[in-house]
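Here's the structure we're looking at; comments come further down.
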Amino acid sequence: MASLVRSATLRFLKPLGNLTLNDAFNHPRTQTLSVRAFSTTLSPPSKAVVYEQHGPPDRVTRVIQLPPVEVKENDVCVKMLAAPINPSDINRIEGVYPVRPQVPAVGGYEGVGEVHSVGSAVKGLLPGDLVIPSPPSFGTWQTHIVKDQSVWYKINKNSPLEYAATITVNPLTALRMLEDFVTLNKGDAIVQNGATSIVGQCIIQLAHHRGIHNINIIRDRTGSDEVKEKLKNLGADEVFTESQLEVKNVKGLLSGIPEPALGFNCVGGNAASLAGGTMVTYGGMSKKPITVSTSSFIFKDLSLRGFWLQNWMSTEKAKECRVLIDSLLDLAREGKLKYEMELVPFDNFNAALDKALGKQGSQPKQVINFQL
């Protein structure tokens with residue numbers, strides 16, 4: 001906790017207080033002022049990934065030092081430990097995501113940190129507590145964040161760092177989609193494309209944990225047999241490439257698994273024609289419109305739905321968010337929920353960003369480690 005006490009005329013670094021990030025960019029580092037004695041709690045300076053305009057992330061982002069921020073009575077200063085680079089983070093920087101902060105802005109949306117200091121009126125949080133922004137909050141790609149205590153949720157201190165940092169956007173999406181559209185019982189079946197995505201991997205494991213059969217579709221690629229084996233080790237019942245499903249007798253491939261009542265689509269295009277029942281779209285990686293045959297609507301009574309986690313968290317259901325996060329972190333600690341990630345030192349942010357942008361082919365989820 002930093003404390004600043006000054007009197008008379010002197011030269012000092014002025015605390016930002018309620019100034020915006022835009023003010024911070026243009027804020028003079030030092031000022032000569034005549035002031036009376038005072039005492040203010042300040043955060044440490046913060047090293048942050050910022051962007052002043054929308055555009056390609058590898059061109060518009062830069063790492064800068066932000067000056068200390070005043071920690072008010074209801075504020076909590078958090079030392080960030082880790083934060084992922086999610087596709088939605090990239091889309092926000094590009095300016096194409098539906099909800100995004102005003103520029104200039106600090107990147108990032110979810111992450112995990114340790115309480116550094118608290119305001120005088122804060123209850124329930126103490127220095128050293130492990131916390132996440134819940135629901136997520138803009139600006140997690142920086143070493144220190146000061147926000148109202150209502151933003152922060154204390155989690156189990158034994159939570160694996162990389163899972164605590166990434167538990168909301170992808171795993172919570174998987175959990176909500178399994179629960180919000182169709183009542184699934186043990187022995188039922190679901191089908192999904194994009195099965196190698198983090199959401200896809202979480203769906204496999206959560207369904208398997210509940211005794212729900214899961215049928216998974218992946219792109220035709222070199223090494224597809226290895227991918228199939230990896231997904232089956234997570235709990236996949238069946239894994240097919242897109243070309244395998246071009247046969248007429250698809251049911252003959254399912255080895256007695258019942259016809260899926262629920263499908264998940266994150267690809268779009270022709271790959272969206274998954275099954276009868278209800279199909280939930282939560283992404284469009286192919287960037288092509290969804291195409292579904294007329295017969296699917298008539299003869300299979302297909303229903304098309306959509307899911308966006310941010311919209312769900314803006315409803316009253318958001319109150320459930322923290323309880324669900326605890327349950328997901330419990331599974332991660334028990335080894336029942338896992339996905340591949342790469343922890344990258346903050347100093348190597350640009351290399352991690354290149355991987356997240358796909359410049360080096362398929363890569364694990366990049367998670368910035370502020371401690372390394």
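FYI, the numbering just counts along the sequence from 1. What you see is a predicted model, and the numbers here were worked out from it, not measured in a lab.
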* **side chain to side chain contact (heavy atoms under 4.5 Å, CB included) against Arg333, all qualifying residues, sequence neighbours excluded** => Asn156, Asn158, Ser159, Pro160, Leu329, Asp330
Taking only distance into account, with no hydrogens and no angle test, what donor-acceptor pairs under 3.5 Å do side-chain atoms of residues 106-113 form with protein atoms, sequence neighbours excluded?
residue	atom	partner	partner atom	Å
Tyr109	OH	Gln310	OE1	3.4
Glu110	OE1	Thr168	N	3.2
Glu110	OE1	Val169	N	3.2
Glu110	OE2	Asn86	ND2	2.9

Under 3.5 Å, which donor-acceptor pairs do the side chains of residues 125-139 form with other protein atoms, sequence neighbours left out?
residue	atom	partner	partner atom	Å
Asp129	OD2	Leu126	N	2.7
Ser137	OG	Lys147	NZ	2.4

* **Note, Glu320 side chain near Trp312 side chain (heavy atom, < 4.5 Å)** => yes
* Would you call Tyr51 and Pro101 a side-chain contact if the rule is heavy atoms closer than 4.5 Å? -> yes
* Kindly determine whether Met80 and Ile368 satisfy side-chain contact (heavy atoms from CB on, under 4.5 Å), including the steps that lead there. => CA-CA 10 Å; Met80 292 302 293; Ile368 306 165; over 6 Å; no
* Asked: What do the steps show when you test Cys202 against Leu175 for side-chain contact (heavy atoms from CB on, under 4.5 Å), and what is the final call?
  -> CA-CA 8 Å; Cys202 290; Leu175 179 59; over 6 Å; no
* Structure fact -> The complete set of ring-ring contact (aromatic ring centres under 6.0 Å, His included) pairs with one or both residues in residues 56-78, sequence neighbours excluded, reads none
* Is there a side-chain contact between Val69 and His144, using heavy atoms and a 4.5 Å cut-off? -> no
* Give every residue pair that meets the ring-ring contact (aromatic ring centres under 6.0 Å, His included) criterion with at least one member in residues 351-372, sequence neighbours excluded. => Phe346-Phe370
* Sort and list the pairs that fulfil side chain to side chain donor-acceptor pair (under 3.5 Å) and have at least one residue in residues 345-358, not counting sequence neighbours. => Lys47-Asp347, Glu342-Lys355, Asp354-Lys359
* Output, in order, the C-alpha distance, side-chain angles, deciding distance and verdict of side-chain contact (heavy atoms from CB on, under 4.5 Å) for Trp152 and Val122. => CA-CA 11 Å; Trp152 304 106; Val122 172; over 6 Å; no
* Decide yes or no on side-chain contact (heavy atoms from CB on, under 4.5 Å) for Met177 and Arg305, but give the supporting numbers first. => CA-CA 10 Å; Met177 291 196 302; Arg305 302 289 300 274; over 6 Å; no
* **Residues forming a side chain to side chain contact (heavy atoms under 4.5 Å, CB included) with Asn185, sequence neighbours excluded** => Thr183, Asp188
* With Glu340 via side chain to side chain contact (heavy atoms under 4.5 Å, CB included) - residues at least two apart -> Lys230, Pro364
* Find out whether Thr173 and Ile198 are in side-chain contact, i.e. whether some heavy atom of one side chain is under 4.5 Å from a heavy atom of the other. => no
* **Backbone N/O of Pro56 and side chain of Glu94: donor-acceptor pair under 3.5 Å** => no
* Structure fact -> Under a side-chain separation threshold of 4.5 Å, the hydrophobic residues clustered together with Val96 are none
* Hey, does Gln371 have a side-chain heavy atom less than 4.5 Å from the side chain of Leu161? -> yes
* Asked: So do Val60 and Gln53 actually touch side chain to side chain, heavy atoms under 4.5 Å?
  -> yes
* To do: Any chance you could pull the hydrophobic cluster mates of Val344, using side-chain heavy atoms under 4.5 angstrom and chaining through other members?
  => none
* **Transitive ILVMFWY cluster of Val239, excluding itself - 4.5 Å side-chain cut-off** => Ile204, Ile218, Val227, Leu231, Leu234
* To do: Decide yes or no for Lys365 and Asn170: does some side-chain heavy atom of the first lie under 4.5 Å from some side-chain heavy atom of the second?
  => yes
* Restricting to pairs with a member in residues 166-219, which pass ring-ring contact (aromatic ring centres under 6.0 Å, His included), not counting sequence neighbours? -> none
* Flag side-chain contact, heavy atom, 4.5 Å: Pro45 against Pro67 -> no
* Asked: Is the closest basic N to carboxylate O distance between Glu52 and Arg62 below 4.0 Å?
  -> yes
* Asked: Around atom CD of Glu334, are there more than 12 heavy atoms of other residues, nucleotides or ligands at under 6.0 Å?
  -> yes
* Counting heavy atoms not belonging to Gln102, are there more than 12 under 6.0 Å from its CD? -> no
* Lys232, NZ atom: more than 12 neighbouring heavy atoms under 6.0 Å -> yes
